There are 2 protein chains.
Amino acid sequence: MTDRGASARPARRPTRQQQAITDLLERSEEFVSAQTFHARLRAAGERVGLATVYRTLQSMVEAGTVDVLRGDDGEAAYRACSTDHHHHLVCRSCAKTVEVEGPAVERWTDAVAAEHGFTQVTHTVEIFGTCAECAASTRTR
Amino acid sequence: MTDRGASARPARRPTRQQQAITDLLERSEEFVSAQTFHARLRAAGERVGLATVYRTLQSMVEAGTVDVLRGDDGEAAYRACSTDHHHHLVCRSCAKTVEVEGPAVERWTDAVAAEHGFTQVTHTVEIFGTCAECAASTRTR
DNA sequence: TCCCAGCGTGAGAATGATTGTCAAAACCGA
DNA sequence: TCGGTTTTGACAATCATTCTCACGCTGGGA
Ligand SMILES: [Zn+2]
Ligand SMILES: [Zn+2]
Ligand SMILES: [Zn+2]
Ligand SMILES: [Zn+2]
């Protein structure tokens, strides 16, 4: 975490399992937990171990190609994301996600931190709500 | 989470254990995990069960007198906080915490959410860094 | 004051996500 | 193809959190 630009560790050797994970990841629009991810792969007929799912997702997080989010219960959820810094607007009901950017927020966090003498600043900003679709279906039900 | 202003459940009966927890909570400037909290109470000679620590902290969170924060490892940390909406600037090294407010951020999150048709919006914003003191001691070592 | 009904406690079991272990399988360059 | 290295996966181990449920305390009524 602290040694951001450190020398990247030797790239991971590509395998069938990693390919399956990457594929499913790219087809997912929402944040998914490792457990669910594993279940879906299995359901799709892929033969992948749970440990591998965790390992692969983790290395992708470190590589910056996947974002991780902690739900209220503390369970981690993953999603393929563009590599540049951004935040998320997540539907509490269906987990659909919109990537958003906010230069103003970036500036604000840095300013606040500096103001209090903090250095090596990072931040997390997540917005949760109910998407239009889910709101509609709830109302209709 | 969704039923914010719901009728508050019958207030909890005050006990020696809850008092001990409240006291320690008010003397803590930083976010502390339930496990650590329990250990400190024990170390201080208080006889309180772990389950009670969890239960009490949780009800305080629901009551809004305590804020909860999830670390990178997913472990929850608690801290007594003023009841009005605010965010935190937390030292990654000593967990010292500063409460901060940002009207601009509040407006931004609402605007972004509305823009995408999301309703019942909430958000989390946390800033992490190294406080001046910790930075100094690290440099000195 | 004595007794009873309920709520709060806490030790220990249960849960469930995540991580560790390690032998077998897959890779890849020579 | 061969051999050293990396990755995998079934399973065990961790560890925070929740669940269970018998027991203690409290407050009000008899
Ligand atoms: Zn939705
Ligand atoms: Zn940002
Ligand atoms: Zn510090
Ligand atoms: Zn806010």
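Values reported hereafter were calculated over all heavy atoms of this structure, with side chains retained and with hydrogens, waters and symmetry mates removed. Just so it is clear, the structure is predicted and the values come from calculations on it, not from any experiment. Numbers restart at 1 for each chain; the letters A, B, ... are given by sequence-line order, proteins then strands.
The phosphate of C:dG10 has OP1 or OP2 within less than 4.0 Å of a side-chain N or O from B:Thr52. Between D:dT17 and B:Tyr54, a contact under 4.0 Å exists linking OP1 or OP2 to a side-chain N or O. Contact annotation: B:Gln17 reaches the phosphate of C:dG10 (side-chain N/O to OP1 or OP2, under 4.0 Å). A:Thr15 has no side-chain polar atom (N or O) that falls below the 4.0 Å cut-off from OP1 or OP2 of C:dC27. Using a 4.0 Å cut-off, no side-chain N or O of A:Gln58 falls inside it from OP1 or OP2 of C:dT18.
B:Val48 is not listed as a side-chain neighbour of B:Phe37, based on a closest heavy-atom distance of 4.5 Å or more.
Counting atom types as modelled, A:Arg55 pairs no side-chain N or O with a base atom of C:dG20 as donor and acceptor under 3.5 Å.
In this structure, B:Asp73 places its CG atom 13 Å from P of C:dG20, rounding to the nearest Å. Per the geometry, CD belonging to A:Glu75 stands 14 Å off P belonging to D:dT17, to the nearest Å. With rounding to whole Å, A:His38 atom NE2 is found 8 Å from D:dG9 atom P. Distance B:Arg16 CZ to C:dC7 C1': 15 Å, rounded to the nearest Å. A:Arg13 places its CZ atom 16 Å from the P atom of C:dA25, with the value rounded to the nearest Å.
Cluster membership check: A:Leu50 does not share its hydrophobic cluster with A:Tyr78, using side-chain heavy-atom separations under 4.5 Å among Ile, Leu, Val, Met, Phe, Trp and Tyr.
Between the side chains of B:Gln17 and B:Thr52, no donor-acceptor pair of N or O atoms lies under 3.5 Å. Looking only at atom types and distance, the side chain of B:Thr124 has no donor-acceptor partner in the side chain of B:Arg70 under 3.5 Å away.
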